[in-house]
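Comments concern the structure below.
Indexing begins at 1, ligand by ligand and atom by atom, following the structure's order.
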Amino acid sequence: MIRLGVNIDHVATLRQARRAKEPDPVAAAVLAELGGADSITVHLREDRRHIQDRDVYLLRETVRTRLNLEMACSDEIIAIALKVLPDEITLVPEKRQELTTEGGLDIVAHADTTRSAVERLKAAGLHVSLFIDPDLAQLDMAKKLHADAVEFQTAAYSEATTAAQVAVELAKLRTATAHALQLGLHPHLGHGLNYQNVKPIVRIHGVVELNIGHSIVSRAVFAGLEQAVRDMKLAMSEHYPHTRAAL
Ligand code: PXP
């Protein structure tokens, strides 16, 4: 059975839009686990645009499955990871201007920085995955750097607009997954996967884990909106048992 890592960054995006206390990603993690998530994934970005340090520390206490921390190879975030000790680290590229992670980490071009980060994290006993494009040279480098797993960036697949492009991208993911298995690296996949495009992905032989965020949080907004409006109508009614006295 392929594991599902649920990325809850966008629950925090909504909270940070108002610098408010809700919705709390810690509560989202509890519900995601009740729904069957095999792990909870969060990206602590250097600009703290969504997930905050407080979230990561609390999630470490509350997550009952596995906590996967996505992060850049930055000294500041590595220091936090070494305190939190998540079950898995996924090293990702990070640019301040981007809307979301673009492309995989180029570990061939940035071999020294990646090696140093992997060594420091693995010295603390952490399990390290590298988010890379489905490219054989990147995979061979992941092996040389002693990564435990790789996560293939599926953006090119999920953004493909023609059947021919989809077929090309799927073939790359298939070849890369087979190569990862030969190298003894656990193949994970993620980015832009949704309820429609996930089917061909789960048919790729040997995939161990998918990390999915945006489409799940998007569906949660609509799946819960009707009930949320009903609840507000109820809260507005005279007979609603208020828990806090009106001022
Ligand atoms: N995997 C990695 C490494 C990511 O950076 C992201 C996005 O934060 C995801 C998976 C999830 O992507 P999406 O939100 O598009 O499902």
Atoms of ligand 1 close to V92 [distance to a heavy atom under 4.0 angstrom, numbered from 1]: 3 (C)
Salt bridge check, D112 against R115: does any charged N sit closer than 4.0 Å to a carboxylate O? yes
What about G192: any of its N or O atoms under 3.5 Å from an N or O on ligand 1? yes
Qualifying residues under salt bridge (charged side-chain N to carboxylate O under 4.0 Å, His left out), relative to E209, sequence neighbours excluded: R3, R66
Do ligand 1 and H214 have nitrogen or oxygen atoms that lie under 3.5 Å from each other? yes
Taking distance alone, with N or O pairs closer than 3.5 Å, would you say I212 contacts ligand 1? no
N/O to N/O below 3.5 Å, does that happen between E151 and ligand 1? yes
Have a look at E209, H43, H191, H50 and point out the one with the heavy atom closest to atom 6 (C) of ligand 1. H191
Quick one: does ligand 1 sit under 4.0 Å from the side chain of N7, the backbone, both or neither, non-hydrogen atoms only? side chain
Side chain to side chain donor-acceptor pair (under 3.5 Å) with E226: which residues, sequence neighbours excluded? R230
Ring-plane angle category for H191 and F131, please: parallel below 30°, perpendicular beyond 60°, tilted otherwise. tilted
Flag the pair K122 and D148 as a salt bridge only when some basic side-chain nitrogen lies within less than 4.0 angstrom of an acidic carboxylate oxygen. yes
Between E70 and ligand 1, does any nitrogen or oxygen pair lie at a separation below 3.5 Å? yes
Using a strict threshold of under 4.0 Å (side-chain N to carboxylate O), is an ion pair present between R48 and D55? no
